[in-house]
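Every value quoted in this text rests on a predicted model; they were computed, and no experiment measured them. Numbers for residues simply follow the sequence, beginning at 1.
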Amino acid sequence: MSQDQEISFVDVLRGRMATYQFLSRLFRVEVDQELYDTLLAMRFPANTGNNLVDEGYRLICGYLSRADGPVLTELAVDYVHAFIGSGNDGFSAAYPFESVYTSPKRLMMQDARDEVLVLYHAAGLDKQESWKEGEDHIALELEFEQILIERAVSACEADDEDACFKLLLSQRNFLEDHLLAWYPMMAKDMEKFPKTDFYRGLGKLTLGFLQNDLEFLDAVLAERKEAVAAVEGEVA
């Protein structure tokens with residue numbers, strides 16, 4: 001690819017990386033003052049071409065524009081409503097763990113957690129000691145994609161195209177095998193458990209973005225495969 005194309009492609013990767021980082025932070029812990037100030041200063045797109053993404057941004061932006069009073073307290077309470085709940089039966093909240101949505105009895109720390117843990121370790125990653133939740137938490141799975149994209153950016157900038165596309169393939173496989181294998185069910189729960197449009201919007205925004213990202217990766221990898229096949233044909 002030309003230098004201009006490479007810069008453009010790297011910029012796209014950086015944009016994806018920033019979105020994964022943003023979403024991971026929103027799921028990880030409650031909104032604090034620093035994040036709230038950042039959200040107020042953000043300009044949310046109005047027409048991305050994906051209805052879920054647009055609706056998600058609209059709900060979040062609408063909430064922020066109307067919010068008054070102890071907003072951080074309201075969001076902290078709603079974080080508990082949305083993701084922690086008041087019961088222990090696996091059906092009282094949009095529990096942010098892959099195991100809950102992929103195990104018959106909706107339990108935590110099941111096979112899905114073991115599977116992603118193997119992938120993290122294979123990538124040379126380990127969770128921080130301060131993190132006390134399971135490794136299949138939505139925030140960590142989103143962060144894993146962010147890290148893979150960051151490595152792909154470094155590979156692209158080093159002109160290591162093979163390494164870059166191997167990392168893109170890893171992103172695509174993790175997205176299909178894990179995030180999109182269970183998050184749509186969580187997104188549906190996020191339509192009913194949160195009390196504010198902020199977290200209802202986050203549910204829609206995340207699902208729409210993940211669907212878009214899979215389409216992007218499929219297109220890029222298909223183009224790469226065709227290009228390699230064409231080169232091999234010329235050599236033959």
Side-chain angles (χ1 to χ4, degrees), residues 16-17 19-30 52 56 79-152 165-194 199-200 202-218 221:
R16 292 175 58 234
M17 182 173 66
T19 303
Y20 273 108
Q21 183 179 31
F22 174 67
L23 295 175
S24 175
R25 169 60 187 88
L26 290 175
F27 280 108
R28 182 181 295 270
V29 292
E30 299 91 334
L52 282 172
Y79 185 91
V80 175
H81 276 301
F83 305 126
I84 299 174
S86 57
N88 57 5
D89 58 0
F91 295 92
S92 300
Y95 295 106
F97 299 94
E98 182 176 350
S99 291
V100 171
Y101 289 95
T102 56
S103 61
K105 295 184 179 180
R106 290 176 69 100
L107 301 175
M108 293 172 55
M109 309 296 280
Q110 301 300 301
D111 290 348
R113 178 260 183 184
D114 297 337
E115 291 170 8
V116 298
L117 187 57
V118 168
L119 293 173
Y120 298 162
H121 287 168
L125 300 171
D126 200 0
K127 69 175 184 178
Q128 296 178 349
E129 291 184 5
S130 59
W131 181 259
K132 304 302 181 185
E133 306 289 356
E135 288 85 351
D136 58 338
H137 192 287
I138 181 67
L140 289 196
E141 293 198 1
L142 292 169
E143 185 179 0
F144 183 56
E145 288 280 23
Q146 171 203 331
I147 291 169
L148 293 179
I149 299 169
E150 186 176 9
R151 292 178 178 181
F165 280 94
K166 285 179 182 178
L167 286 160
L168 292 177
L169 180 59
S170 295
Q171 294 161 38
R172 189 249 178 237
N173 290 342
F174 189 79
L175 189 53
E176 182 178 58
D177 295 343
H178 290 281
L179 280 163
L180 280 174
W182 71 277
Y183 179 74
M185 293 180 282
M186 180 183 169
K188 188 169 289 291
D189 280 344
M190 287 182 69
E191 295 177 5
K192 58 183 180 180
F193 289 111
Y199 284 112
R200 284 192 286 265
L202 176 60
K204 294 178 182 294
L205 167 61
T206 303
L207 181 57
F209 170 72
L210 294 178
Q211 292 172 343
N212 272 355
D213 203 44
L214 182 63
E215 292 178 4
F216 166 77
L217 289 168
D218 280 342
L221 291 168

Rounded to the nearest 0.5 Å, the CD1 atom of Ile149 sits from the CD atom of Gln171 at a distance of 4.5 Å
One should read off an interatomic distance between Ile147 CD1 and Leu142 CG, to the nearest 0.5 angstrom, of 11.5 Å
Audit row: His137, Trp131, side chain to side chain contact (heavy atoms under 4.5 Å, CB included) steps and yes/no
CA-CA 10 Å; His137 192 287; Trp131 181 259; 3.5 Å; yes
- Message: When you compare the side chain of Phe216 with that of Arg16, does any pair of heavy atoms fall below 4.5 Å?
- Response: yes
- Item | Side-chain donor or acceptor of Gln110 paired with backbone N/O of Met108 under 3.5 Å | yes
Smallest heavy-atom separation, Trp182 atom then Thr102 atom, equals CB-CG2, 3.9 Å
So CD of Gln146 and CD of Gln21: to nearest 0.5 Å the spacing works out to 4.5 Å
Sequence neighbours excluded, the answer for ring-ring contact (aromatic ring centres under 6.0 Å, His included) partners of Phe174 is Phe144, His178
The complete set of salt bridge (charged side-chain N to carboxylate O under 4.0 Å, His left out) pairs with one or both residues in residues 170-185, sequence neighbours excluded, reads Arg172-Glu176, Arg172-Asp218
- Item | Audit row: Phe83, Met186, side chain to side chain contact (heavy atoms under 4.5 Å, CB included) steps and yes/no | CA-CA 10 Å; Phe83 305 126; Met186 180 183 169; 3.6 Å; yes
Heavy atoms of Ala82 and Pro194 approach each other most closely as CB-CG, 3.8 Å
Nearest heavy-atom approach of Glu133 to Phe97 is OE1-CZ, 3.4 Å
Per side-chain contact (heavy atoms from CB on, under 4.5 Å), Leu207 is matched among Asn212, Leu202, Leu52 by Leu52
By side chain to side chain donor-acceptor pair (under 3.5 Å), Arg113 pairs with (sequence neighbours left out) Glu135
Here the salt bridge (charged side-chain N to carboxylate O under 4.0 Å, His left out) pairs for residues 136-149, sequence neighbours left out, are Arg28-Glu143
Nearest heavy-atom contact between Gly203 and Ala187 is O-CB, 4.0 Å
d(Leu23 CG, Thr206 OG1) to nearest 0.5 Å is 4.5 Å
Tyr20 versus Leu210: any side-chain heavy-atom pair under 4.5 Å? yes
Side chain to side chain contact (heavy atoms under 4.5 Å, CB included) between Leu221 and Phe165: does it pass, once the steps are laid out?
CA-CA 7 Å; Leu221 291 168; Phe165 280 94; 4.2 Å; yes
Sorted by chain and number, sequence neighbours left out, side chain to side chain donor-acceptor pair (under 3.5 Å) with Glu215 holds for none
In this structure, CD of Glu98 is separated from CG of Asp111 (nearest 0.5 Å) by 10.0 Å
- Tell me, do Leu168 and Leu148 make a side-chain contact under 4.5 Å, heavy atoms counted? no
Between the CZ atom in Phe27 and the OH atom in Tyr183, the distance rounded to the nearest 0.5 Å is 4.0 Å
The side chain to side chain donor-acceptor pair (under 3.5 Å) partners of Tyr101 (sequence neighbours excluded) come to Asp189
